[in-house]
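Report on the structure given below.
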Amino acid sequence: QLQLVESGGGLVQPGGSLRLSCVASGFTLEYYAIGWFRQAPGKEREGVSCISSSGGSTKNVDSVKGRFTISRDNAKNTVYLQMNSLKPEDTAVYYCAADRDTAYCSGSFHRAYWGQGTQVTVSS
């Protein structure tokens, strides 16, 4: 069975940190660009970060630049999202996705494998 599984979410105070993990089973991640997305209640899903298959190229949405870092370990079939200086507006369900159409962060993720999501709550 092909699936992605996210973990590492939780409740954290403003200014705190979390590291999310995205592990693939049933397929290897090394050929795919991987994106982290998030969806807050009542809002549309938005792309947060992306990393190319080799790890040589990354992109971040402006609201997380300087705070979030995406990385990957293809040997472990895992992609990470290190989130620092968290803010209440970062509260959302975070999903990872593997773009089936491209190894680069120029794709649409319209055809992608998706995980089930992990909740991140930033609150005092």
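Note that this is a predicted model, so its numbers are computed, not measured.
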Could you pull out the closest heavy-atom pair between [X] and [Y], with the gap in Å?
X: Leu20; Y: Trp36; result: CB-CH2, 3.6 Å
X: Leu4; Y: Ala24; result: CD2-CB, 3.6 Å
X: Thr78; Y: Ser21; result: CG2-CB, 4.3 Å
X: Glu30; Y: Asn77; result: N-OD1, 4.5 Å
X: Asp99; Y: Arg111; result: OD1-O, 3.5 Å

For the [atom1] atom of [X] and the [atom2] atom of [Y], what is their distance to the nearest 0.5 Å?
X: Gln3; Y: Ser25; atom1: CD; atom2: OG; answer: 3.5 Å
X: His110; Y: Arg100; atom1: NE2; atom2: CZ; answer: 14.0 Å
X: Glu89; Y: Ser63; atom1: CD; atom2: OG; answer: 8.5 Å

Listed by chain and number, what are the side-chain hydrogen bond (donor to acceptor under 3.5 Å, both in side chains) partners of Ser17, not counting sequence neighbours?
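Testing Ser17 for side-chain hydrogen bond (donor to acceptor under 3.5 Å, both in side chains), a comparison that skips the adjacent residues, returns Asn84.
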Any donor-acceptor N/O pair, [X] side chain to [Y] backbone, under 3.5 Å:
X: Asn60; Y: Ser49; answer: no
X: Thr91; Y: Val122; answer: yes
X: Ser52; Y: Ser57; answer: yes
X: Glu6; Y: Gln116; answer: yes

Plane angle bin for Phe68 and Tyr94 - parallel if under 30°, tilted between 30 and 60°, otherwise perpendicular
tilted
Look at the rings of Phe27 and Tyr113 and say which category their plane angle falls in: under 30° parallel, 30 to 60° tilted, over 60° perpendicular.
tilted
Hphob cluster co-occupancy, [X] + [Y], side-chain heavy atoms under 4.5 angstrom:
X: Val79; Y: Tyr104; value: no
X: Ile34; Y: Val23; value: no
X: Phe109; Y: Val64; value: no
X: Ile51; Y: Phe37; value: no
X: Leu2; Y: Tyr32; value: yes

Do Val120 and Leu18 pass the side chain to side chain contact (heavy atoms under 4.5 Å, CB included) test, and can you show the C-alpha distance, the side-chain angles, and the key distance before you say yes or no?
CA-CA 9 Å; Val120 171; Leu18 286 173; 3.9 Å; yes
Output every pair passing disulfide bond (SG atoms under 2.5 Å apart) with a member in residues 60-124, not counting sequence neighbours, ordered by first then second residue.
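Pairs touching residues 60-124 that pass the test: Cys22-Cys96, Cys50-Cys105.
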Determine whether Arg72 and Asn74 make a side-chain contact, defined as any pair of heavy atoms from C-beta on separated by less than 4.5 Å.
yes
Any side-chain heavy-atom pair of Ser123 and Pro88 under 4.5 Å
no
Using a side-chain heavy atom cutoff under 4.5 Å and only I, L, V, M, F, W and Y, what cluster partners does Leu11 have?
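Besides Leu11, the cluster holds no residue at all.
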Partner set under side chain to side chain contact (heavy atoms under 4.5 Å, CB included) for Tyr31, not counting sequence neighbours:
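Thr28.
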Considering residues at least two apart in sequence or located in another chain, which fulfil the side chain to side chain contact (heavy atoms under 4.5 Å, CB included) criterion with Val93?
Tyr95, Gln119
Arg38: what forms a salt bridge (charged side-chain N to carboxylate O under 4.0 Å, His left out) with it, not counting sequence neighbours?
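Listed in chain order: Glu46, Asp90.
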Lys/Arg cation over aromatic Trp114: Arg45, 6.0 Å, 45° cone:
yes
